[in-house]
Q: 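One structure coming up, written as C-alpha cells, with questions to follow.
Per chain, numbering begins at 1; letters A, B, ... match sequence-line order. These numbers were taken from a predicted model, which means no experiment stands behind them.
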Amino acid sequence: MKLHHLHPWDISTSQARELQKELAGSVSTVPALPDKVRYLAGLDISPADASGVVRGAAVVLEYPSLEPVEVKTAGGKPPFPYIPGLLSFRESPVLLEALEQLETHPDVIYIDGQGLAHPRRFGLACHIGLLTRTPTIGCAKSILVGSHHELPPSAGAHSRLEHKGEEVGAAVRTRDKVRPMYVSPGHLIDIDTSIEWVLASCRGRRMPEPTRKAHEAADRAHRSQIGS
DNA sequence: GCGACAG
DNA sequence: ATCTTGTCGC
Ligand SMILES: [Mg+2]
C-alpha cells in the first residue's frame with residue numbers, strides 16, 4: 001500500500017490533527033457492523049535482537065472468516081528506546097516498511113497501542129492511519145493515559161476511557177474474566193465503531209485476531225534470523 | 001520535585 | 001518489552 005508521508009516526523013502533531021479532521025470530512029469512514037468490510041490488517045513488532053534490530057509484521061485477514069491472506073515483514077533498528085508517549089516515532093519506520101509491501105489494501109488496521117488515548121491525542125494508531133490514509137483502531141493491552149469505571153466480568157462489557165474530561169476511548173472486556181483491552185480511534189473511525197470491530201475480531205480470545213497474527217509473524221521473523 | 005508511563 | 005516453569009483456575 002502507498003504512503004502519503006515517509007515518517008511521523010514529516011508533519012507536526014498539531015498539523016497532523018488538523019489534516020486528520022479534514023480527511024474525516026471527505027473520506028468514508030469504517031462502516032458499523034456488518035457492512036462491507038472484507039480485509040482486516042494487524043501490525044506488530046518484535047523485541048530487539050542482540051544487534052538492536054526489530055522485526056515488524058503486517059498481516060491481512062479476510063473478514064468474517066479471519067483467515068490470513070497475506071503476511072509481510074520488515075526489519076530495522078529503531079531510532080531510540082521506548083519512551084512513553086513517543087512510541088510512534090520508535091515503531092513507525094519498521095511498521096510502515098512492512099505495510100508498504102502489502103498488496104491488499106485493508107479496510108481497517110488494528111494497532112498494538114493507543115490512538116486518541118494519548119497525552120497529545122495522537123498515538124501510534126493515528127500516525128499509521130494518517131500516513132496510509134486508512135482507518136485504524138488502537139487496541140492496547142494497558143493504559144497510557146486516562147481512567148474508567150470498573151466493568152462487568154463478561155465478554156462484551158465496556159466502559160468509556162476518559163482523560164482530562166475528554167472521552168478518548170474505552171476499556172473493553174474482549175473475553176470473560178480477563179483484563180480489558182484499551183480501545184481508541186486511530187483514523188477515520190469513532191469510539192463505538194472501534195469497540196464493535198474489536199469485539200468482532202476476538203474469536204473468544206483477549207487479543208483481536210489481526211494483532212495476534214501480526215505478533216506471531218513478527219516473533220517468527222525475530223527468531224528465524226536469531227537463535228532463541 | 002515526584003510519580004505515572006502504549007511497547 | 002523482558003526476567004521465567006510449573007501450576008492454578010475457568
Ligand atoms: Mg507490540
Q: So which pairs with a foot in residues 127-147 of chain A pass side-chain hydrogen bond (donor to acceptor under 3.5 Å, both in side chains), sequence neighbours left out?
A: A:His105-A:Thr134, A:Asp112-A:Lys141, A:Thr132-A:Thr134
Q: List the atom pairs, donor and acceptor, that lie under 3.5 Å between side-chain atoms in residues 211-218 of chain A and the rest of the protein, sequence neighbours left out.
A:
unit_1   : atom_1 : unit_2   : atom_2 : d
A:Lys213 : NZ     : A:Glu209 : OE2    : 3.0
A:His215 : ND1    : A:Asp44  : OD2    : 2.6

Q: Which pairs with one or both residues in residues 158-190 of chain A pass ring pair (Phe, Tyr, Trp, His ring centres under 6.0 Å), sequence neighbours excluded?
A: A:His148-A:Tyr182
Q: Quick one: closest heavy-atom pair of A:Pro106 and A:Leu40, and the distance?
A: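 It is CB-C, 4.5 Å.
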Q: Which parts of nucleotides 1-7 of chain B does protein reach within less than 4.0 Å, heavy atoms only, written one letter per nucleotide 5' to 3' as B for base, S for sugar-phosphate only and - for none?
A: ----BBB
Q: Show the nearest heavy-atom pair for residues A:Leu199 and A:Arg173, with the distance to one decimal.
A: CD2-O, 3.9 Å
Q: Give me the atom names and distance for the closest heavy-atom approach of A:Asp192 to A:Arg160.
A: OD1-NH2, 3.0 Å
Q: For nucleotides 2-4 of chain C, which of its nitrogen or oxygen atoms have a protein nitrogen or oxygen under 3.5 Å away, and what is each distance?
A:
none

Q: Would you mind writing out the side-chain donor-acceptor pairs for residues 50-59 of chain A within the sub-3.5 Å range, not counting sequence neighbours?
A:
unit_1  : atom_1 : unit_2   : atom_2 : d
A:Ser51 : OG     : A:Asp49  : OD1    : 2.9
A:Arg55 : NH2    : A:Gln225 : OE1    : 2.8

Q: Checking one residue: A:Met207. Which other hydrophobic residues are in its cluster under the side-chain 4.5 Å linking rule?
A: A:Met181
Q: Identify the two heavy atoms, one from A:Arg206 and one from A:Thr174, that lie closest to each other, and give their separation to 0.1 Å.
A: O-OG1, 2.6 Å
Q: Which atoms form the tightest heavy-atom contact between A:Val198 and A:Pro208, and what is the distance?
A: CG1-CG, 4.3 Å
Q: Where each pair must be Watson-Crick or G-U wobble with both distances under 3.5 Å, what dot-bracket representation of DNA chain B is obtained, with crossing pairs in [ ] and other-strand partners as |?
A: .......
Q: Would you tabulate the pairs of protein nitrogen or oxygen atoms and nucleotide nitrogen or oxygen atoms of nucleotides 8-10 of chain C closer than 3.5 angstrom?
A:
unit_1 : atom_1 : unit_2   : atom_2 : d
C:dC10 : O3'    : A:Lys177 : NZ     : 3.3

Q: Could you tell me the separation between the CD1 atom of A:Ile111 and the CG atom of A:Leu43, rounded to the nearest 0.5 Å?
A: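 Between A:Ile111 CD1 and A:Leu43 CG, I get 4.5 Å after rounding to 0.5 Å.
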Q: Which dot-bracket notation, 5' to 3', represents the base pairing of DNA chain C when pairs are defined as Watson-Crick or G-U with both distances under 3.5 Å, crossing pairs as [ ], and inter-strand pairs as |?
A: ..........
Q: Are A:Ser194 and A:Ile189 close enough that some pair of their side-chain heavy atoms sits under 4.5 Å apart?
A: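 They are in contact (side-chain heavy atoms under 4.5 Å apart), so the answer is yes.
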Q: Which residues pass the ring pair (Phe, Tyr, Trp, His ring centres under 6.0 Å) test with A:His7, not counting sequence neighbours?
A: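 If we apply the ring pair (Phe, Tyr, Trp, His ring centres under 6.0 Å) test to A:His7, skipping adjacent residues, the hits are A:Trp9.
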Q: Using every non-hydrogen atom in the two residues, find where A:Ala157 and A:Pro152 come nearest and quote the distance to one decimal.
A: CB-O, 3.5 Å
Q: List the atom pairs, donor and acceptor, that lie under 3.5 Å between side-chain atoms in residues 68-88 of chain A and the rest of the protein, sequence neighbours left out.
A:
unit_1  : atom_1 : unit_2   : atom_2 : d
A:Glu70 : OE1    : A:Glu103 : N      : 3.3
A:Glu70 : OE1    : A:Thr104 : N      : 3.0
A:Glu70 : OE1    : A:Thr104 : OG1    : 2.7
A:Glu70 : OE2    : A:Lys72  : NZ     : 3.2
A:Glu70 : OE2    : A:Glu103 : N      : 2.7
A:Ser88 : OG     : A:Leu124 : N      : 3.2

